[in-house]
J.: 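Got a structure here, written out as structure tokens. Questions coming.
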Amino acid sequence: MDSQLEALEQAIEAAEADKRAFVKENPNGTGDKAERIRLYNQVETARKALRDYKRANPHLL
């Protein structure tokens, strides 16, 4: 498997873990709104990077 593909998948997992931890500590929308938005955007950015990589390198999949 391609090392960059693995790194992108790991980035998604790490971002989702950070988001889950924040949400668990701050249920029902409590906590810093800017931090919540930053974490959600981080997850979406990581997912987008993986989609773009797969689209640019279909021969590797």
Side-chain angles (χ1 to χ4, degrees):
M1 185 177 264
D2 186 20
S3 62
Q4 188 171 0
L5 181 62
E6 289 179 22
L8 290 169
E9 290 174 347
Q10 289 296 323
I12 291 172
E13 290 176 16
E16 287 177 341
D18 291 344
K19 182 187 79 169
R20 274 193 299 274
F22 180 84
V23 170
K24 189 173 185 176
E25 292 173 9
N26 301 288
N28 299 325
T30 61
D32 184 20
K33 300 275 188 216
E35 179 67 9
R36 182 179 298 271
I37 291 169
R38 186 188 70 77
L39 290 169
Y40 274 82
N41 286 338
Q42 184 179 11
V43 170
E44 291 306 314
T45 302
R47 289 179 181 164
K48 182 181 183 300
L50 180 62
R51 282 192 306 269
D52 291 344
Y53 181 77
K54 286 181 176 180
R55 194 175 303 122
N57 299 290
H59 60 283
L60 298 176
L61 303 176

J.: Restricting to pairs with a member in residues 39-52, which pass side-chain hydrogen bond (donor to acceptor under 3.5 Å, both in side chains), not counting sequence neighbours?
T.: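 Listed by first then second residue: Glu16-Arg47, Glu44-Arg47, Lys48-Asp52, Asp52-Arg55.
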J.: Identify each donor-acceptor pair in which a side-chain atom of residues 17-28 lies under 3.5 Å from a protein atom, sequence neighbours left out, and give them as a table.
T.:
residue, atom, partner, partner atom, Å
Asn26, ND2, Phe22, O, 3.1

J.: I need the full list of salt bridge (charged side-chain N to carboxylate O under 4.0 Å, His left out) pairs touching residues 28-40, with sequence neighbours left out, sorted by first then second residue.
T.: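 Every pair satisfying salt bridge (charged side-chain N to carboxylate O under 4.0 Å, His left out) with a residue in residues 28-40: Glu35-Arg38.
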J.: List for me each residue that meets side-chain contact (heavy atoms from CB on, under 4.5 Å) alongside Asn57, sequence neighbours excluded, and say none if there are none.
T.: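 For Asn57, the residues satisfying side-chain contact (heavy atoms from CB on, under 4.5 Å) (neighbours in sequence not counted) are Tyr53, His59, Leu60.
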